[in-house]
Amino acid sequence: MEKTNPNNNPAAGSFTVAVFSVAGIIAAGVVIQFLAGPLDIRLLAFPANLLVVALMVCVAVLINVYSGSPLSRWISGVPFSAALIGGFVATGLVMGLIPQSSHLEIAASPFPEGMHSVTSSWPFALLYFTVLLVLACVVIRRALNFKWKDFPFYLNHAGLFLLLAAAGFGAADREKYQLTAYRDKVYSTAYSYSAGHPRPLPFTVRLDRFDIDYYPARLFLEVRQPGAGEKYFYADCTDTDPVVFNGAVRLTVLEYLPNAGVGVEFYPADSTTGNSAALLRLEDLRSGEVAREWVSAGIDKLHTVFSFGNYRLTMLDPEPKRYYSGITIDNGLGDARQAIIEVNKPLRYGHWRVYQYGYDQSAGPLSAYSVLLLVADPWINLAYAGMALLAAGSVCMVWTGRGKRKKVTKR
């Protein structure tokens, strides 16, 4: 039996060429980074990004149609694709191991500038362009020899192309605006992060309401024992059962008002006051002494401490559970919409997203304004289309695989 020399293995040679090709792409990016600095993503803003994508598709068509099958097979082959994936894994490791920030003091860092902002570096950009070109070549190469059995393949690769194109080229058209909105005022401009000054919006925004839901307040008990130091305990205001601490003092929450009005005594308020209060009873189990008093937390800072012998009780400020704004958005074309937005639950309005961003924390629920973050991403629907194609391709792969298993079983 004739032995095969591994050095003459065409596949091994192809992988070697692919690895050196990807290394050359990264090296070219490093040279450009050194000479021209980091990539300015704004250079790819509309219509430049559309032109680049169209040019990339045209190049993929030319490679497959006019340059001969060997070149197209190599570009869209497994070795080159695997080497590209390895290059992306390497950039991912750099992003994971080195802090990514454009605000770092680069001079104090031992790493080159591009490693602190990988996604805006030329090596990453060239790898990204090459991956899109390879995906386009793969889809076009298969499409020129169309077969229905390859339909899941078309869906998956076309979906991945759309998703990557929207994520990368769409970043140049993505805009962020910040709006500090006061109640019942209508706004048609917002501060643009990219421009550095207010810019007009394609719609108006009005803040109708702002509110905060809180977790129940907690009590903090400090026990001072001469010669034995201090001990600390926590209790929930909603726990109405008596609780014994340190075997020496019994605490009972007689009444808890999550929204307390302030008068001669605290009382349940119908509207938001920004104060929480609790009527407490402390009993010293050793001496039999008993005391009761209100403690509160919130904006007014009244009755914040309940002192009783060696015991000191305070109420901690309630932690926000959720804060949200009621807004009305109107583009003047008959598409007016009212919505409640909160953190991680934005309003979707065309290719815009309106997020809850902040408020006046010193005023709490009485904040006169709400800070909104408005994000415009014209490519977001294209990204969703890519995801839909990927999902459809996955379903088709499962279905066709199921059919193949049935045929094997019959045989």
Side-chain angles (χ1 to χ4, degrees), residues 9-19 21-22 25 44 46-89 125-170 351 378-411:
N9 188 345
S14 183
F15 270 108
T16 302
V17 173
V19 170
S21 299
V22 172
I25 293 172
L44 293 174
F46 180 84
N49 43 19
L50 284 182
L51 293 176
V52 172
V53 173
L55 179 62
M56 192 175 297
V57 173
C58 291
V59 169
V61 171
L62 291 175
I63 289 174
N64 281 280
V65 176
Y66 295 105
S67 66
S69 57
L71 178 61
S72 64
R73 280 201 301 268
W74 185 81
I75 288 178
S76 57
V78 173
F80 192 51
S81 299
L84 280 175
I85 293 173
F88 263 111
V89 169
L126 293 184
L127 282 175
Y128 169 77
F129 293 150
T130 307
V131 167
L132 285 181
L133 179 62
V134 168
L135 282 171
C137 285
V138 168
V139 174
I140 293 171
R141 179 186 164 194
R142 287 289 188 97
L144 291 175
N145 300 289
F146 183 84
K147 296 177 182 178
W148 281 109
K149 68 177 183 179
D150 292 334
F151 195 66
F153 179 91
Y154 302 139
L155 292 176
N156 283 325
H157 285 74
L160 185 58
F161 179 86
L162 291 179
L163 182 59
L164 289 178
F169 290 108
H351 63 262
W379 292 64
I380 188 66
N381 292 328
L382 189 64
Y384 288 151
M387 293 179 189
L389 289 178
L390 282 170
S394 300
V395 172
C396 289
M397 286 180 67
V398 172
W399 184 261
T400 55
R402 181 184 175 189
K404 290 179 181 179
R405 285 196 299 272
K406 285 183 177 179
K407 289 181 180 179
V408 172
T409 305
K410 289 180 179 179
R411 289 179 183 177

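It should be emphasised that the depicted structure is a prediction, and the values quoted were computed from it without experimental measurement.
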Colleague: With heavy-atom distances below 4.5 Å as the criterion, would you say the side chains of Phe161 and Leu389 are in contact?
Modeller: no
Colleague: Roughly how far, to the nearest 0.5 Å, is CG of Asp150 from CZ of Arg142?
Modeller: 4.5 Å
Colleague: Is the shortest heavy-atom distance from the side chain of Val22 to the side chain of Thr130 under 4.5 Å?
Modeller: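 The answer is no; the side chains never approach within 4.5 Å.
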Colleague: Drop me the distance from Leu133's CG to Tyr128's OH, to the nearest 0.5 angstrom.
Modeller: 12.5 Å
Colleague: CG/Leu162 to CG/Leu132 distance, rounded to the nearest 0.5 angstrom?
Modeller: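 One gets 10.0 Å once the value is rounded to the nearest 0.5 Å.
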Colleague: Mind checking whether Val134 and Ser81 have side chains closer than 4.5 Å, heavy atoms only?
Modeller: yes
Colleague: For Ile75 and Cys137, work out which heavy atoms get closest and say how close.
Modeller: CG2-SG, 4.1 Å
Colleague: Consider side-chain contact (heavy atoms from CB on, under 4.5 Å). Of Val61, Leu135, Leu62, which one does Ile140 pass it with?
Modeller: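 Passing option: Val61.
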Colleague: Could you give the distance from CG (Leu51) to CE (Met56), rounded to the nearest 0.5 Å?
Modeller: 12.0 Å
Colleague: At what distance, to the nearest 0.5 angstrom, does OG of Ser21 lie from CZ of Phe15?
Modeller: 12.5 Å
Colleague: Do Leu390 and Asn156 have side-chain heavy atoms sitting under 4.5 Å apart?
Modeller: yes
Colleague: Can you label the angle between the Phe129 ring and the Phe169 ring as parallel, tilted or perpendicular, going by 30° and 60°?
Modeller: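 Geometry flag for Phe169 against Phe129: parallel rings.
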Colleague: Find the distance between NE2 (His351) and OH (Tyr384) and round it off to the nearest 0.5 Å.
Modeller: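 Spacing of NE2 (His351) from OH (Tyr384) equals 12.5 Å.
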Colleague: On a heavy-atom basis, which atom in Gly393 and which in Pro152 lie closest, and how many Å separate them?
Modeller: O-CB, 3.8 Å
Colleague: Would you call the rings of Trp148 and Phe151 parallel, tilted or perpendicular, taking 30° and 60° as the class edges?
Modeller: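 Aromatic pair Trp148/Phe151 classed tilted.
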